[in-house]
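Notes for the one structure printed next.
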Amino acid sequence: MQSSIKHNDISKLHQTPLSRAVQQILLGGALAVAAAPLQAQTADNITEQAVEVISVTGSYSRSLEQAVDLKKSNIGFSDSVVATDVADFPEQNLAEALQRMPGVTIERNKGLGSKINVRSLPSEFTHVSINNLATASGSGGRDVEFDIFASEIIQSVTVQKSPTAADEEGGIAGSVMISTARPFDYSERKLIVSAEGAHNSISEEIDPKFSFLASDTFGDWGALVSFSKASRTNRTDSNSGINFRPMGRFLEATGPRSDQAAAVLERDAGVVVADRSDKNETNRIIFQDKVGDRLYLNDQDKWGATASLQYKPGNDFSLTFDAMKGGYDVTEDEYDAAAYTASSRSTLETIHDYDDTTLAQYGIIVLTDVSYSATQHEFLSKQRINNTDYSQYSLALDWRTHGWDINGLVGFSGAKKSQDYANLKHVAYAPSRSRWNASGGETIISANPASIDMYNSPQSYLFEAYETELEQVSDDKYAAQLDFKKALQLDFMPALSSVQFGVRYTDKSKQREFGGVKIQGPAAGDASWVNSRTLADSELQWVTDIVPGGAYKAKDLNWMQVSNDYARSTFRYAGFSTPFNDGDYYRVDEEALSLYAMANLDFDLAGKPVTLNAGVRAVDTSVLSFGYHQVQNEDGSNGYTDTPISKKGSYTDVLPSLNMTVEILDDVLFRAAASETLMRPALTNIAYKRSVSWNEFRFTDGNPDLQPTYAKQWEAGLEWYLQNGGILAASYFWKDIEGVVRQQLTGVVENVEKRNANGTLDGYYDFDVYQPVNADGSYKVTGLELIAQLPLSMLHPLLDGFGVNANYTMLDNSLTGSSGLDIPTPPEGLADSTYNFTLYYENDRFDARISYNYKDKYVEVIERNLYPVYRDAYGQTDIAIGYNLTDNIKLSLKGINITDEATTGYTLTPQFPVMNEFSGRRISLGIRADF
């Protein structure tokens with residue numbers, strides 16, 4: 001079904017009779033009862049656990065004990081961190097705090113953790129909630145950018161790896177459940193204030209951070225507020241961007257470029273090309289396309305605040321209003337000096353060296369040192385200004401009455417993000433020589449007399465454009481939930497301890513607007529600067545003077561460039577703005593209605609206590625997607641439909657789950673879990689946009705009919721709980737994942753009118769339609785997870801105060817990545833192994849920790865769907881030292897990446913590096929007072 005709907009008056013949606021009826025019951029009941037999260041519903045198990053008071057200033061070992069208590073009382077597989085562990089461990093944001101957890105790794109962006117991966121699956125495979133509300137994000141997809149959250153305002157985090165029927169669906173990898181503090185979490189008035197200054201070794205800047213928490217109770221009422229604000233300046237030096245380029249770039253060119261490339265290949269490398277149009281042949285002759293040196297300066301301002309008002313007249317009733325707000329503003333300046341050997345004017349001149357042995361098993365020859373006839377040298381001054389505002393509000397109730405536990409929730413989570421991007425581009429075409437070196441690549445003067453020193457020839461670079469882009473994303477999520485639980489004592493079924501059931505309604509809407517424009521002269525429509533203004537006509541500075549800090553760390557190099565401040569003030573003429581492009585607009589509205597029922601059982605099996613929950617969750621999801629469709633105007637130019645085109649989609653799922661714990665010995669538990677779960681498709685794939693390639697007779701559409709990606713999964717493990725929070729645990733997990741999204745030919749539109757560039761009729765043709773679809777087949781991911789948390793005093797009294805917290809995850813999978821050359825390739829993002837190791841010591845006055853975090857190599861991207869590009873294995877060492885000046889005041893010293901590790905990567909083999917990136921070490925000194 002398709003219809004044309006006005007851009008500013010998009011009606012809301014698509015409700016089934018069932019969803020309308022239950023929505024009315026649910027919203028009415030939720031408002032009447034007032035509503036609250038089954039916090040977990042990770043089962044009562046986490047709600048009813050023994051941890052009632054979580055102290056923000058407790059010791060590290062105590063926080064580990066509390067996390068173990070959470071793990072032990074949950075029936076399913078989970079891991080937790082609580083306030084001290086999150087807020088007091090050395091980290092730069094919440095993502096980095098969570099990387100200490102078993103099976104959790106992070107995606108780093110220029111040295112900073114940004115997104116998390118649970119068991120190495122892609123970040124969008126993880127469902128994230130705060131206070132039981134699915135978290136809005138400023139990203140264009142479903143993944144959550146964790147760097148927007150200040151860890152100081154977070155009370156606890158649980159990663160639930162085996163869902164129950166009561167848990168909200170959406171995470172194949174797992175669910176990250178974040179909780180903020182509430183006033184009745186504390187037994188007395190609480191005031192915590194902290195301040196910190198941090199120094200980055202490359203930027204040489206000192207950044208401040210401040211936070212406080214105040215909480216008190218007044219009889220039946222309690223109130224809590226917390227606030228955190230931080231500034232951060234990170235500099236990253238990077239020799240990166242190098243990629244493989246197949247020789248078809250030159251051999252398929254028109255004119256003499258192709259003949260010259262073929263002749264040079266035969267003369268210098270002995271390679272005779274049989275068919276220049278045979279991609280299977282030309283894709284196996286590789287040259288180095290790009291060499292780039294880059295400096296990044298990342299300035300961040302982040303703040304976050306929470307407020308909680310709680311009414312709790314007794315243990316049987318509580319009503320809580322929670323609010324959370326935050327802002328994350330980032331300005332990133334990037335300065336590039338790059339050489340693109342595969343320019344549209346270039347071809348081979350001389351092959352100085354090549355490698356026909358390293359990748360011979362794939363029939364690949366790599367040209368490792370080449371002179372080119374017309375390399376495209378570029379100086380780029382780029383700036384990205386990102387502003388994200390986040391807010392969340394919820395009203396929650398927990399009520400025990402007449403043998404019933406009634407829990408509910410009504411709430412809103414929203415995020416708005418804008419990105420203002422600019423790129424000042426100067427280009428010089430000239431002969432040059434590019435080659436690999438030990439850390440990446442370099443471009444030098446070639447033997448051709450017309451060659452230039454690309455770093456010291458500003459008069460040779462001609463102005464091409466000052467490119468601007470503007471993106472705005474808004475993400476709004478509403479939810480309402482009611483849950484009921486009834487304790488039972490049935491003579492005919494004594495094992496059935498309780499039943500619970502509930503309903504949840506969510507309403508989500510995400511909209512993206514995007515536009516771009518090129519400035520090429522001093523006024524709109526003026527292109528007089530193109531090919532006339534040079535780099536030397538602008539104010540130039542040494543790049544290491546534009547950004548704070550010392551010399552360029554990636555290599556012994558410096559160059560002069562235009563600062564972004566100068567570019568913005570010079571090239572944006574009065575009244576300039578970046579308009580949005582209709583073709584890049586989309587909006588997706590999604591409603592989901594979930595009903596679940598679950599039975600909780602307690603019984604003995606062969607004399608061993610067993611706790612089990614089994615249930616089923618039924619989910620009805622409906623989607624309404626909007627986007628403009630590209631059309632051809634009567635004059636032959638490209639245009640778009642007057643209004644967005646809409647299309648509906650829907651799917652219904654039934655998701656069973658079972659979790660079981662058996663106490664086989666005192667403090668030795670056997671756990672088992674099995675379930676079916678899903679991950680909804682990315683919004684960019686659902687968005688009903690259409691773009692057209694008139695020359696290729698091809699439509700590319702979004703697909704609102706996409707179904708989720710599904711997983712059948714099970715896990716089994718043993719856990720031995722020791723004294724003082726110690727634990728030894730091992731588990732094996734298995735996931736069968738199907739319905740992965742791929743781009744595919746889905747149909748043909750017949751007799752499409754096509755016009756020539758001058759508007760005359762070209763003819764009527766059949767156009768292929770390509771859309772994202774759920775691919776046939778499945779792949780398996782299996783893994784082993786080991787946990788060892790040991791207070792070493794259990795080994796010998798002289799080790800009192802020492803402890804170890806360690807975990808290891810090993811993965812295997814059956815999926816081969818989609819390389820068009822049949823190169824065996826792991827799936828993107830999957831690391832074979834990850835581990836964490838922390839050694840700590842603490843007494844009444846002093847504490848110290850050293851932690852090492854490791855993530856194995858993984859495929860970051862498959863370049864051109866041909867060549868797997870790997871991110872190297874990365875290990876980082878962090879430290880934290882604390883000293884209690886008094887019972888209430890603590891001094892701390894923390895170090896992040898104290899060994900100053902670099903981030904590196906390569907294509908296919910380390911012999912062909914693609915990046916060498918340095919973000920430096922970070923040392924901070926802080927003070928904290930607790931009253």
Side-chain angles (χ1 to χ4, degrees), residues 90-92 95-96 98-123 173 236-244 358-359 436-441 553-554 781-786 806-813 815-817 819 823-839 850-863 867-879 896-922:
E91 43 74 29
Q92 300 180 86
E96 298 202 352
L98 298 185
Q99 70 178 320
R100 318 288 175 190
M101 301 177 71
V104 176
T105 57
I106 62 175
E107 297 179 13
R108 295 183 186 274
N109 181 18
K110 305 177 188 70
L112 292 171
S114 57
K115 299 177 181 179
I116 72 165
N117 310 107
V118 176
R119 291 173 168 171
S120 280
L121 292 168
S123 57
T236 299
D237 296 1
S238 177
N239 173 213
S240 64
I242 303 160
N243 61 350
F244 275 15
T358 302
L359 301 177
W436 266 279
N437 58 28
S439 61
K553 194 167 183 177
V781 175
T782 60
L784 177 67
E785 213 161 71
L786 304 175
N807 55 74
Y808 173 80
T809 303
M810 179 176 64
L811 290 176
D812 192 15
N813 72 90
L815 179 68
T816 298
S819 167
I823 298 172
T825 304
E828 295 178 22
L830 280 182
D832 288 342
S833 63
T834 61
Y835 63 85
N836 296 279
F837 180 86
T838 297
L839 175 66
I850 182 167
S851 178
Y852 184 75
N853 174 268
Y854 174 86
K855 183 177 183 178
D856 207 353
K857 69 177 182 180
Y858 62 93
V859 173
E860 188 171 26
V861 66
I862 301 178
E863 180 70 33
Y867 319 110
V869 179
Y870 286 83
R871 181 71 68 94
D872 264 317
Y874 181 85
Q876 180 171 300
T877 303
D878 305 325
I879 63 170
I896 295 174
N897 191 24
I898 59 173
T899 56
D900 199 11
E901 298 297 322
T903 301
T904 58
Y906 59 87
T907 301
L908 276 170
T909 170
Q911 189 163 330
F912 305 114
V914 298
M915 68 180 300
N916 195 33
E917 189 172 277
F918 299 86
S919 295
R921 64 175 62 87
R922 189 174 186 84

_Does any part of the side chain of Trp436, heavy atoms only, come nearer than 4.5 Å to the side chain of Ile242, both counted from C-beta?_
yes
_Please find the pair of heavy atoms, one from Phe837 and one from Ala806, that lie closest to each other, and give the distance._
CD1-CB, 3.8 Å
*What are the two closest heavy atoms between Pro913 and Ala438, and how far apart are they?*
CG-O, 4.1 Å
*Please report the C-alpha distance between Thr907 and Asn243 in whole Å, then the side-chain angles of each, then the deciding distance to 0.1 Å, and finally whether the side chain to side chain contact (heavy atoms under 4.5 Å, CB included) criterion is met.*
CA-CA 7 Å; Thr907 301; Asn243 61 350; 5.8 Å; no
*Do Asn836 and Asn807 have a side chain donor and acceptor closer than 3.5 Å?*
yes
*For the residue pair Tyr835 and Tyr854, is the inter-centroid distance of their aromatic rings smaller than 6.0 Å?*
yes
*Minimal non-hydrogen separation, Asn239 against Gly441, with atom names*: OD1-N, 3.3 Å
*Taking all atoms of both residues into account, what is the closest heavy-atom pair of Ala554 and Phe918, and its distance?*
CA-CE1, 3.8 Å
*In Å, rounded to the nearest 0.5 Å, how long is the span from CG of Asp812 to CG of Leu830?*
10.0 Å
_Heavy-atom check, side chain of Asn117 versus side chain of Lys855, under 4.5 Å_ = yes
*Any side-chain heavy-atom pair from Ile823 and Pro868 closer than 4.5 angstrom?*
yes
*Will you find, in the side chains of Thr909 and Gln911, an N or O donor that is under 3.5 Å from an N or O acceptor?*
no
*asked:* Which heavy atom of Thr838 sits nearest to which heavy atom of Ser851, and what is that distance?
replied: OG1-OG, 3.1 Å
*Please round to the nearest 0.5 Å and tell me the distance separating atom CD1 of Ile898 and atom CG of Asp878.*
7.5 Å
*Check whether any side-chain heavy atom of Pro826 lies under 4.5 Å from a side-chain heavy atom of Tyr858, and answer yes or no.*
no
*Does the pair Arg922 and Asn897 meet the rule for a side chain to side chain contact (heavy atoms under 4.5 Å, CB included), with working shown?*
CA-CA 7 Å; Arg922 189 174 186 84; Asn897 191 24; over 6 Å; no
*CE/Met915 to OG1/Thr904 distance, rounded to the nearest 0.5 angstrom?*
7.5 Å
*Assess the pair Tyr906 and Tyr870: is the distance between their ring centroids shorter than 6.0 Å?*
yes
*When rounded to the nearest 0.5 angstrom, what distance separates CG in Leu359 from CG in Leu908?*
5.5 Å
*Any sub-3.5 Å donor-acceptor pair from Asn853's side-chain atoms to Gln99's backbone N or O?*
yes
*If you look at every heavy atom in Ser238 and Glu917, which pair is closest and at what distance?*
OG-OE1, 3.5 Å
*Could you state the interatomic distance from CZ (Arg921) to CD (Glu901), rounded to the nearest 0.5 Å?*
10.0 Å
*Give, for atom CG of Asn916 and atom NZ of Lys553, the distance between the pair rounded to the nearest 0.5 Å.*
10.5 Å
*asked:* Could you go through Ile896 and Gln876, starting from their C-alpha distance and side-chain angles, then the distance that decides it, and tell me whether this counts as side chain to side chain contact (heavy atoms under 4.5 Å, CB included)?
replied: CA-CA 8 Å; Ile896 295 174; Gln876 180 171 300; 3.5 Å; yes
